[in-house]
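Computed from heavy atoms alone, side chains included, the values below leave out hydrogens, waters and symmetry copies. All of these numbers come straight from a predicted model, not from anything done at the bench.
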Amino acid sequence: MSLDITFLGTGSAYPSPARGASALVLRREGQCWLFDCGEGTQTQLMRSHLRAARITKIFITHLHGDHFFGLPGLLCTLSLQSNPDPSRPPLDIYGPLGLRSFLWRSLELSHSQLLFPYAVHELVPTRDQCPAEEFKDFSSWDGGEVPPQGPPGRVLHLDPGEDSYLLVEDEQLVVRAFRLFHRVPSFGFVLEEKPRPGRLNVQKLKDLG
C-alpha cells in the first residue's frame with residue numbers, strides 16, 4: 001500500500017504569507033485524505049502538486065478556527081469544479097460534535113448548494129477531554145431543525161474496550177480516532193495497516209532445507 005504525506009500548513013492561530021494554517025494531505029491509492037482545513041488551505045492546494053478533486057475524506061481534529069475555518073470554502077470550490085452525479089459516493093467528513101451544524105448553517109446562510117453529496121460523522125467527546133469550564137455540549141443544537149436534505153452521517157461514541165472511535169475499515173487498513181486533551185475536545189487519528197499474509201513457496205523452502 002502506497003502512502004504519501006504533503007504538509008499544506010503547519011502554522012497556528014492564522015495563516016501567513018509564507019505559512020498556511022493547519023492542513024495536511026495523505027495520498028492513498030489515488031485518493032486524497034485531508035486532515036484539518038485551516039484558512040488558506042485552498043491556496044496551498046493550488047500551489048501543490050495535489051488535485052483537490054481527489055479528496056474523498058476529511059478529518060478535523062478540533063473546532064478551533066485555525067483547524068477548520070477553510071472547510072466551507074473548500075467544499076464550495078469542489079462543487080464549482082464538479083458535475084452533478086447522483087451515483088457519486090458522498091465526501092466523508094469526520095470531526096467533533098458540532099461540526100455538522102457548523103457546515104450546514106454556513107452553507108445555508110451563504111446560499112451555497114453543493115453539486116455533490118457529503119456526510120458528516122461526528123465524534124462525541126467525553127467531558128475529561130478539556131477543562132470543565134471549556135466543555136460545551138452541542139448534542140442538542142440542531143434540535144430537529146436540520147431538514148431531511150441536510151447532511152447525513154453517523155454519531156460516533158467512544159468504544160470503552162478500544163478506548164477509541166472506529167472511523168474507517170477496509171481490506172487494507174483501519175482508521176481510528178483517539179482522545180486528546182486540549183482547551184476544547186480534540187482528537188488524533190491513527191491509520192493502522194492490516195497484516196498481510198506473505199507469499200512464500202513452501203515447497204521450495206523445504207527443498208532448500
Does one hydrophobic cluster hold both [X] and [Y], with members joined at side-chain heavy-atom distances below 4.5 Å?
X: Phe189; Y: Ile5; answer: yes
X: Val174; Y: Leu156; answer: no
X: Leu71; Y: Leu114; answer: yes
X: Leu3; Y: Leu24; answer: yes

Mutual orientation of the aromatic rings belonging to Tyr94 and Phe59 [parallel < 30°, tilted 30-60°, perpendicular > 60°]
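The arrangement is parallel - the two ring planes meet at less than 30°.
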Any donor and acceptor pair, going by atom type alone, linking the side chain of [X] with main-chain N or O of [Y] inside 3.5 Å?
X: Tyr165; Y: Phe187; answer: no
X: Arg100; Y: Val120; answer: yes
X: Gln44; Y: Leu8; answer: yes
X: Gln42; Y: Gly70; answer: no
X: Lys194; Y: Asp170; answer: yes
X: Glu162; Y: Asp159; answer: no
X: Ser186; Y: His182; answer: no

More than 12 heavy atoms of other residues, nucleotides or ligands under 6.0 Å from [atom1] of [X]: is that the case?
X: Glu133; atom1: CD; result: yes
X: Phe178; atom1: CZ; result: yes
X: Arg154; atom1: CZ; result: yes

Indicate the atoms forming the closest heavy-atom contact of [X] with [Y], along with that distance.
X: Gly98; Y: Glu122; result: N-OE2, 2.7 Å
X: Ser79; Y: Gln113; result: OG-O, 3.6 Å
X: Pro17; Y: Arg47; result: O-NH1, 4.1 Å
X: Gly38; Y: Ala21; result: CA-CB, 3.9 Å
X: Ala23; Y: Thr41; result: CB-OG1, 3.5 Å
X: Val184; Y: His64; result: CG1-NE2, 3.6 Å

Would Thr10 and Arg19 count as a side-chain hydrogen bond (donor to acceptor under 3.5 Å, both in side chains) if you check the C-alpha gap in whole Å, the side-chain angles of each, and the deciding distance to 0.1 Å?
CA-CA 7 Å; Thr10 58; Arg19 196 177 191 186; 3.0 Å; yes
Within a strict 4.5 Å, meaning less than it, do heavy atoms of the [X] and [Y] side chains meet?
X: Trp33; Y: Ile55; result: no
X: Val190; Y: Val175; result: no
X: Leu99; Y: Ile93; result: yes
X: Leu26; Y: Leu34; result: no
X: Leu75; Y: Leu91; result: yes
X: Glu193; Y: Leu191; result: no
X: Leu158; Y: Leu123; result: no
X: Pro72; Y: Phe102; result: yes

Given the rule in the side-chain hydrogen bond (donor to acceptor under 3.5 Å, both in side chains) test, do Arg27 and Thr6 qualify, once you have shown the distances and angles that lead to the verdict?
CA-CA 8 Å; Arg27 284 195 302 170; Thr6 301; 5.2 Å; no
What's the verdict on side-chain contact (heavy atoms from CB on, under 4.5 Å) for Asp92 and His121, showing C-alpha distance, side-chain angles and the deciding distance?
CA-CA 7 Å; Asp92 288 309; His121 310 288; 2.8 Å; yes
Output the rest of the hydrophobic cluster of Leu109: all Ile, Leu, Val, Met, Phe, Trp and Tyr residues reachable through side-chain heavy-atom contacts under 4.5 Å, sorted by chain and number.
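Noted: Leu109 shares its cluster with no other residue.
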Rest of the hydrophobic cluster containing Leu115 (Ile/Leu/Val/Met/Phe/Trp/Tyr, side-chain heavy atoms under 4.5 Å)?
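Same cluster as Leu115: nobody, lone residue.
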Roughly how far, to the nearest 0.5 Å, is [atom2] of [Y] from [atom1] of [X]?
X: Asp4; Y: Ser2; atom1: CG; atom2: OG; result: 6.5 Å
X: Thr43; Y: Glu39; atom1: OG1; atom2: CD; result: 10.5 Å
X: Arg183; Y: Gln129; atom1: CZ; atom2: CD; result: 15.0 Å
X: Phe68; Y: Cys37; atom1: CZ; atom2: SG; result: 10.5 Å
X: Leu63; Y: Phe138; atom1: CG; atom2: CZ; result: 6.5 Å
X: Asn201; Y: Leu208; atom1: CG; atom2: CG; result: 9.0 Å

Applying side-chain hydrogen bond (donor to acceptor under 3.5 Å, both in side chains), can you list everything that pairs with Asp66, at least two apart in sequence or on another chain?
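Checked Asp66 against side-chain hydrogen bond (donor to acceptor under 3.5 Å, both in side chains); zero matches.
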Using side-chain contact (heavy atoms from CB on, under 4.5 Å), reason through Val25 and Phe35 one step at a time and then give a plain yes or no.
CA-CA 6 Å; Val25 170; Phe35 291 80; over 6 Å; no
Salt bridge (Lys or Arg N to Asp or Glu O under 4.0 Å), that's the test. Do Asp163 and Arg179 meet it? Break it down for me.
CA-CA 8 Å; Asp163 197 27; Arg179 295 172 297 166; 2.6 Å; yes
Check the pair Val155, His157 against side-chain contact (heavy atoms from CB on, under 4.5 Å), reporting the backbone distance first and the verdict last.
CA-CA 7 Å; Val155 176; His157 293 269; 4.0 Å; yes
In sequence, state the C-alpha distance, the side-chain angles, and the governing distance for Cys130 and Phe135, and then conclude on side-chain contact (heavy atoms from CB on, under 4.5 Å).
CA-CA 6 Å; Cys130 68; Phe135 187 89; 3.9 Å; yes
Would Gln172 and Arg196 count as a side-chain hydrogen bond (donor to acceptor under 3.5 Å, both in side chains) here? Give the steps.
CA-CA 8 Å; Gln172 292 183 313; Arg196 290 179 291 175; over 6 Å; no
